[in-house]
2 protein chains.
Amino acid sequence: MSIQNGLASSSRRYDCENCPLRPLPGFRKFERSELAFIDKLKKGELAVDKGATVLVEGRRSAHLYTVLSGWAFRYKLLSDGRRQILNYAVPGDLIGLQGGVMGEMQHSVEALSPMLLCVFERESLHELFRNHPGLAYDITWIASREERMLDENLLSVGRRSAIERTAYLIAFIGSRAKAVGLNGGRLTRIAFTQQHIADTLGLSLVHTNKTIRKLMDRKLIAWRDGGCEIIDHEGLKQLAGWEGLGKERRPLI
Amino acid sequence: MSIQNGLASSSRRYDCENCPLRPLPGFRKFERSELAFIDKLKKGELAVDKGATVLVEGRRSAHLYTVLSGWAFRYKLLSDGRRQILNYAVPGDLIGLQGGVMGEMQHSVEALSPMLLCVFERESLHELFRNHPGLAYDITWIASREERMLDENLLSVGRRSAIERTAYLIAFIGSRAKAVGLNGGRLTRIAFTQQHIADTLGLSLVHTNKTIRKLMDRKLIAWRDGGCEIIDHEGLKQLAGWEGLGKERRPLI
DNA sequence: CGCGGTTTTGAGAATCCTCAAAACCAGTGG
DNA sequence: CCACTGGTTTTGAGGATTCTCAAAACCGCG
């Protein structure tokens, strides 16, 4: 019901049993009883506009969200406005877990597209841990996965050159997007701005632009309609020296 | 029994009930039953030399470790040898959780000092999740805490200048060391090399050295006996624009 | 057509890097 | 006790990368 800053609760509601994401090959199969429990936990859905701020650094959030559709990014700010994008959230990802599980958020989350979010009560995590050890384990697995992505990002920002970093980021996001069928399973458009890339990689906008041009010259990507198009995914991975994502199926909560 | 690469199992053994770390103010109090359970899980202790590699990227590890004494760092390598240090582990920290909970390690861990490690079977996590939801919750909390530290490190490497980064890192490690009484609770010596700082911050060794000199000129730190001495902790935090660690007590498993 | 957001370009400057050598320092063996 | 060794820190110099500033071009949208 509440509408603020682009957030609005939706009237429609997907049952977890019929979740459109579950059939995707990237997710592990769940027991019927697990699905029923998750469905019980699910408090509703939230539709947010592109550009809306879903979570705010420094504030407590009573909710956790799972991305049903659309995508977003997590970021932190320095007091003078410098921004660092930490990671992206695509369909199936859990948002808000990082907030110390309880407590103040240490980062903000902003939507990169219109999104649909499943809403969970942070409090109900306790019930989940008490009654569904398998799901509790999944939560930990999800946290650990986020950590591995951060490790890789840190390696990138710390030790890869500008062009390697950029290649890595585009290949990385492309892989994740493809895995959840963001572009109908095709590996194509990534709809964000060069400013986002710059803020993810710790580069200036101008230098990011020049680096992207080099990738275009090498026919690895194209930039069209305000977004990045991957032309040679293997080439990007090779340039970055990146192995690609693991192929394990992940849980969806 | 086995000795390899500086790893050797120790004959002595601390009972978890009498763990020397638990009385420290940074850790939350545990129930007697929880302690008994953890003690049952603990498979033994491992003593490792300074410089020993505790975990290796790309390999599976059947074990998880909790640092009893000493400290270490987690890192990743690029194929040409460039190294990125991801984070440090001090007493009380859990090592090896990041390995996808199961599966191949995505990073290596190397001891910065002689260490004593409590050894746990990775397999026994399942039992923990099944029978002790409170402890399972703690594991997730620990993973989420690591994530928050990584977020902050990423912000640092991506968006802070060399001198801000260095100030941040030293203040950060100093705070953590103090919280677990690494120097008897005093906030003083941090025993590592400038190469470690460089590889943590994504800087070259030479530039790191010159940056450290600037911090010395400003009387924020001193460099003595192969280690860093903090002179003005507040000054470091202010220079870095860093708030400091949260003051919540953390679980110790 | 005008507007705001985004991308592109150019130019000069600051930061940070590499290379190379020297200084320093603790430990080892003669 | 001294010379030697390997690891670490320091210094200098030149160069590459990346940054900031500023302006123009582009583009979808109202």
Side-chain angles (χ1 to χ4, degrees), chain A residues 49-52 73 78 80-85 110-114 156-167 169-170 189-217 221-229 239, chain B residues 49-52 73 78 80-85 110-114 156-167 169-170 189-217 221-229 239:
Chain A
D49 292 339
K50 170 173 170 169
F73 62 95
L78 289 175
D80 64 358
R82 281 174 284 177
R83 179 174 75 170
Q84 177 66 39
I85 295 183
E110 181 178 323
L112 274 165
S113 72
S156 219
V157 175
R159 286 303 183 207
R160 281 194 250 246
S161 69
I163 196 166
E164 289 170 336
R165 269 183 240 193
T166 311
L169 177 65
I170 294 173
R189 282 281 318 295
I190 306 175
F192 58 174
T193 71
Q194 299 186 3
Q195 183 71 64
H196 291 118
I197 297 187
D199 285 349
T200 308
L201 300 179
L203 298 171
S204 74
L205 176 58
V206 172
H207 197 247
T208 300
N209 178 272
K210 287 169 183 167
T211 305
I212 286 175
R213 175 142 305 281
K214 285 188 199 166
L215 291 178
M216 291 167 72
D217 291 347
I221 64 168
W223 198 270
R224 269 204 262 303
D225 307 325
C228 178
E229 197 147 318
L239 173 54
Chain B
D49 293 340
K50 171 173 170 170
F73 62 96
L78 289 174
D80 62 359
R82 281 174 285 178
R83 179 174 75 170
Q84 178 65 41
I85 295 182
E110 181 179 322
L112 274 163
S113 72
S156 219
V157 175
R159 285 303 185 209
R160 281 194 249 247
S161 70
I163 198 167
E164 289 170 337
R165 269 183 241 192
T166 310
L169 177 65
I170 293 173
R189 281 283 318 295
I190 306 175
F192 59 175
T193 71
Q194 299 187 1
Q195 183 71 64
H196 291 118
I197 297 187
D199 285 348
T200 309
L201 300 179
L203 298 171
S204 74
L205 176 58
V206 172
H207 197 248
T208 299
N209 179 271
K210 286 167 183 167
T211 305
I212 286 174
R213 176 143 303 280
K214 284 188 197 164
L215 291 178
M216 290 168 70
D217 291 346
I221 64 169
W223 198 270
R224 270 206 261 304
D225 307 326
C228 177
E229 198 146 318
L239 173 54

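Computed from a predicted structure; not experimentally measured. In what follows, chains are A, B, ... by sequence order, proteins preceding strands, each numbered from 1.
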Here the distance between atom P of D:dT10 and atom CG of B:L215, to the nearest Å, is 12 Å

note: A:K214, atom NZ; D:dT18, atom C1'; distance rounded to Å ~ 10 Å

Per-nt protein contacts along nucleotides 14-20 of chain C (heavy atom under 4.0 Å; B base, S backbone sugar-phosphate only, - none) come out as --BSBB-

Here the pair of heavy atoms bringing A:A162 nearest to A:H207 is CB-CE1, 3.6 Å

A:I190 CD1 to C:dT6 P, in whole Å, measures 17 Å

Here the gap from B:E164 atom CD to A:R82 atom CZ, rounded to the nearest 0.5 Å, amounts to 4.0 Å

Report yes if at least one side-chain N or O of B:R213 is closer than 4.0 Å to OP1 or OP2 of D:dT11; otherwise report no.
yes

Are any non-hydrogen side-chain atoms of B:I197 and B:T211 less than 4.5 angstrom apart? no

Per side chain to side chain contact (heavy atoms under 4.5 Å, CB included), B:T166 is matched among B:I170, B:L169, B:I163 by B:I170

*Is there a side-chain contact between A:D199 and A:Q84 (heavy atoms, below 4.5 Å)?*
no

Donor-acceptor contact below 3.5 Å, side chain A:E229 vs main chain A:I190:
no

In whole angstroms, the gap separating P of D:dG28 from NZ of A:K50 amounts to 13 Å

| said: If you compare every side-chain N and O of A:N209 against the phosphate oxygens of C:dT7 (OP1, OP2), does one of them come in below 4.0 Å? | reply: no

Bend of the helix from C:dC1-D:dG30 to C:dG30-D:dC1 from end-axis comparison, five pairs per end, nearest 10°, comes to 30°

Between CG of A:L201 and P of D:dT17 the distance, given in whole Å, is 17 Å

Correct closest heavy-atom pair for B:L203 and B:R165 would be CD2-NH1, 3.7 Å

With a 4.0 Å limit, can you tell me whether A:Q194 has a side-chain N or O closer than that to the phosphate oxygens OP1/OP2 of C:dG5? no

Interatomic distance, OG1@B:T200 vs CZ@B:F73, rounded to 0.5 Å, equals 8.0 Å

Here the distance between atom P of D:dC27 and atom CZ of A:R224, to the nearest Å, is 13 Å

Point to revise | Backbone N/O of A:L78 and side chain of A:R83: donor-acceptor pair under 3.5 Å | key: no

note: B:W223, atom CH2; D:dT10, atom P; distance rounded to Å ~ 8 Å

Taken to the nearest whole Å, CD1/A:I197 to C1'/D:dT18 is 17 Å

